[in-house]
Amino acid sequence: TRHFDQTFSARLLEALADIDQRTDGVLVHSENFQALSLMKRRLQEKVQCIYIDPPYNAKTSEILYRNSYKHSSWLSYMSGRISESAPMRAENGVFVCAIDENEQERLGLIIDQEFPGDEKACVSVVHNPRGIQGAGFSYTNEFAYFVHRRGLELGLRTLEDAKSKPLMKTGSESERASGRNCFYPILLRNGEVLGFGDVPEDGWSPAGAVLTRTDGVVEVWPISVTDGQERKWRYARQTIENIQSQLEIKQGRDGAPVVYLAKDYESYRTVWSDPEFNAAEYGSTLLKNIVGRDAAFSFPKSLWTVVHSLKVS
């Protein structure tokens, strides 16, 4: 409405019912602290993801500071903005802050102060595989803090190639006695998972790893066919239904069915080193190809760093 006179703007807004519900995004062009102060009451506990990319206070991007108070000036600057944004984070929301080695440790202390009791993970993002020039270590990475309430289930990373592994545990802590609720039969019909049986009483054992009932249903138990050792499934009986769609049946060397757990997704790791995080190729070059010139933005991130930060959140 900025291009119209006040009377027309009022009539236009009056004609649009439920304008808040019809607006799928709001862009605020402002100095950060003023914008946060303006929005925090209206957006209190409503923001799913807060992503900030503040000045790193490196030699190439130092903030203005008095005398020798470089770090304390930066801390004061950041503390005010984080404290203003923290109340806007939703109960299931995530706060993300990008940073490099110059202020990474100090930023972590501010986060502890502003988000007491929350979980805090510091992810290393390999944004410059060639490394910086100069004496000492050649940094290839920067960091991103992810902060959320304890126990929050985060978004998962999509796998390009699905992985699968046997559902039966092996090795240490794999015996039946170490998890009685993980010992039960998986029921098959025509090579497909039909359902799951109950956990038997302690002391009772099935006659074998694979049993065929009179109705044709096949019971598969977590028993090692090589030594007959009773083991356990990776999931307890009370949770196995949640991942039934991820189970697949393969044929073992002896022709017996073996239950596998297929994974199309997995938790994000704390080191992001894939080529897509290269800031030169997927940040600077990407923007140059869009806007047609260099230095359209200072030190742009890889687009994919932001994309995956949103997926986590």
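Positions are given from 1 along the sequence.
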Please check if [X] and [Y] belong to a single hydrophobic cluster, counting links between Ile, Leu, Val, Met, Phe, Trp and Tyr side chain heavy atoms closer than 4.5 Å.
| X | Y | answer |
| --- | --- | --- |
| Val26 | Leu38 | no |
| Tyr282 | Val291 | yes |
| Val259 | Met168 | yes |
| Tyr265 | Val312 | no |
| Leu287 | Phe299 | no |

With a sphere of 6.0 Å drawn around [atom1] of [X], does it hold more than 12 non-hydrogen atoms of other residues, nucleotides or ligands?
| X | atom1 | result |
| --- | --- | --- |
| Glu14 | CD | no |
| Glu266 | CD | yes |
| Glu31 | CD | yes |
| Asn190 | CG | no |
| Gln21 | CD | yes |

Heavy-atom pair with the smallest gap, counting every atom of [X] and [Y]:
| X | Y | result |
| --- | --- | --- |
| Trp204 | Pro200 | CE3-CB, 3.5 Å |
| Phe183 | Arg231 | CD1-O, 3.2 Å |
| Tyr184 | Gly197 | CB-O, 3.8 Å |
| Ala98 | Pro54 | O-CD, 3.3 Å |
| Trp233 | Val220 | CZ2-O, 3.3 Å |
| Val225 | Ala209 | CG1-CB, 4.1 Å |

Interatomic spacing from [atom1] in [X] to [atom2] in [Y] - rounded to 0.5 Å:
| X | Y | atom1 | atom2 | result |
| --- | --- | --- | --- | --- |
| Arg234 | Ile240 | CZ | CD1 | 11.0 Å |
| Ile52 | Leu107 | CD1 | CG | 7.0 Å |
| Trp304 | Leu286 | CH2 | CG | 9.5 Å |
| Lys70 | Glu62 | NZ | CD | 3.5 Å |
| Ile111 | Ile82 | CD1 | CD1 | 5.5 Å |
| Phe196 | Glu241 | CZ | CD | 5.5 Å |

Keeping the roles fixed (side chain from [X], backbone from [Y]), state whether a donor-acceptor pair exists under 3.5 Å.
| X | Y | answer |
| --- | --- | --- |
| Thr140 | Gly131 | no |
| Arg11 | Thr7 | no |
| Ser309 | Thr305 | yes |
| Glu119 | Gly151 | yes |
| Lys263 | Gln246 | no |
| Gln229 | Glu175 | no |
| Ser138 | Ile132 | yes |

- Query: So among Tyr268, Phe115, Trp272, which one has a ring-ring contact (aromatic ring centres under 6.0 Å, His included) with Phe146?
  - Reply: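 The passing option is Trp272.
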
Quiz question: by atom type and distance under 3.5 Å, do the side chains of [X] and [Y] form a donor-acceptor pair?
| X | Y | result |
| --- | --- | --- |
| Lys311 | Thr158 | no |
| Asp227 | Ser224 | yes |
| Glu114 | Ser83 | no |

For residues [X] and [Y], determine if any side-chain heavy atom of one lies less than 4.5 Å from a side-chain heavy atom of the other.
| X | Y | answer |
| --- | --- | --- |
| Leu188 | Val193 | yes |
| Leu167 | Tyr235 | yes |
| Arg81 | Phe33 | yes |
| Glu45 | Glu91 | no |
| Glu219 | Pro206 | no |
| Met78 | Arg106 | no |
| Asp264 | Leu159 | no |
| Tyr51 | Val306 | yes |

- Task: Please step through side chain to side chain contact (heavy atoms under 4.5 Å, CB included) for the pair Trp74 and Asn102, ending with a clear verdict.
- Result: CA-CA 11 Å; Trp74 187 88; Asn102 288 283; over 6 Å; no

- Message: What verdict does the side-chain hydrogen bond (donor to acceptor under 3.5 Å, both in side chains) test give for Ser178 and Lys169, after you've listed the backbone C-alpha separation in whole Å, the side-chain angles of each residue and the deciding distance to 0.1 Å?
- Response: CA-CA 11 Å; Ser178 65; Lys169 295 200 70 174; over 6 Å; no

- Task: Carefully, step by step, assess Ile186 and Ile249 under the rule side chain to side chain contact (heavy atoms under 4.5 Å, CB included).
- Result: CA-CA 11 Å; Ile186 295 178; Ile249 309 302; 5.5 Å; no

- Item | Cation-aromatic face contact Arg89/Phe95, 6.0 Å, 45 degrees | no

- Task: Assess whether side chain to side chain contact (heavy atoms under 4.5 Å, CB included) is satisfied between Glu101 and Phe143, documenting all intermediate values.
- Result: CA-CA 8 Å; Glu101 72 279 0; Phe143 305 93; 4.3 Å; yes

- Do Asn32 and Glu84 pass the side chain to side chain contact (heavy atoms under 4.5 Å, CB included) test, and can you show the C-alpha distance, the side-chain angles, and the key distance before you say yes or no? CA-CA 10 Å; Asn32 286 338; Glu84 289 292 299; over 6 Å; no

